[in-house]
Amino acid sequence: MSQTQMSQAYVIEVSDRTAGIVVSDNRGFCFFSSDRAFDGLDGGYFGSARAAERAVRAHLQRHREVRGRATRG
């Protein structure tokens with residue numbers, strides 16, 4: 001008899017922006033971007049929803065640093 005695992009889904013929000021959602025499956029947690037700024041992570045798999053959130057925060061930080069350098073340079 002097979003056991004059915006229910007998917008879990010979580011919205012990830014950072015800095016008052018909805019970055020996207022993560023949905024669990026048998027491979028882990030897949031990220032689906034809802035904001036173009038996070039499209040680079042779209043379709044990525046993470047070991048947990050928390051790991052996906054950390055990746056989203058790091059991605060946003062890198063994006064801000066690159067923009068900051070561009071405006072100063």
Side-chain angles (χ1 to χ4, degrees):
M1 181 179 280
S2 67
Q3 185 178 23
T4 303
Q5 180 179 347
M6 293 196 49
S7 293
Q8 296 174 319
Y10 302 97
V11 174
I12 296 180
E13 295 178 339
V14 293
S15 299
D16 296 325
R17 296 168 76 171
T18 302
I21 63 169
V22 288
V23 179
S24 68
D25 65 17
N26 60 344
R27 292 174 52 194
F29 285 81
C30 186
F31 178 76
F32 296 93
S33 172
S34 64
D35 183 319
R36 294 186 69 90
F38 303 98
D39 283 353
L41 297 172
D42 194 63
Y45 273 87
F46 302 90
S48 67
R50 181 71 66 198
E53 181 182 358
R54 284 192 300 267
V56 165
R57 290 182 184 282
H59 184 80
L60 182 60
Q61 184 62 36
R62 284 190 303 273
H63 182 73
R64 286 179 174 163
E65 289 171 1
V66 168
R67 267 197 344 219
R69 277 186 248 135
T71 58
R72 286 190 303 254

Taking atom [atom1] of [X] and atom [atom2] of [Y], what is their separation to the nearest 0.5 Å?
X   : Y   : atom1 : atom2 : result
I21 : Y10 : CD1   : OH    : 12.0 Å
C30 : D42 : SG    : CG    : 7.5 Å
D35 : L41 : CG    : CG    : 11.0 Å

**Asked** Can F32 be reached from L60 by stepping across I, L, V, M, F, W or Y side chains whose heavy atoms are under 4.5 Å apart?
**Response** no
Checklist entry - Under the side-chain contact (heavy atoms from CB on, under 4.5 Å) criterion, do I12 and F38 qualify, and how do the steps go? => result CA-CA 11 Å; I12 296 180; F38 303 98; over 6 Å; no
Practice item. Taking all heavy atoms of E13 and all of R57, pick out the closest pair and write down the distance. Key: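 Minimum heavy-atom contact is O-NH2, 4.0 Å.
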Could you tell me how the ring of F31 sits relative to the ring of F46: parallel (under 30°), tilted (30 to 60°) or perpendicular (over 60°)?
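Perpendicular.
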### Message
If we ignore hydrogens and angles and just use 3.5 Å, is the side chain of S7 paired with the main-chain N or O of V23 as donor and acceptor?
### Response
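No: the side chain of S7 does not pair with the backbone of V23.
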* Asked: Is it true that a side-chain atom of H59 and a backbone atom of A37 form a donor plus acceptor pair closer than 3.5 Å?
  ->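 Checking the backbone N and O of A37 against the side chain of H59, a donor-acceptor pair under 3.5 Å is found.
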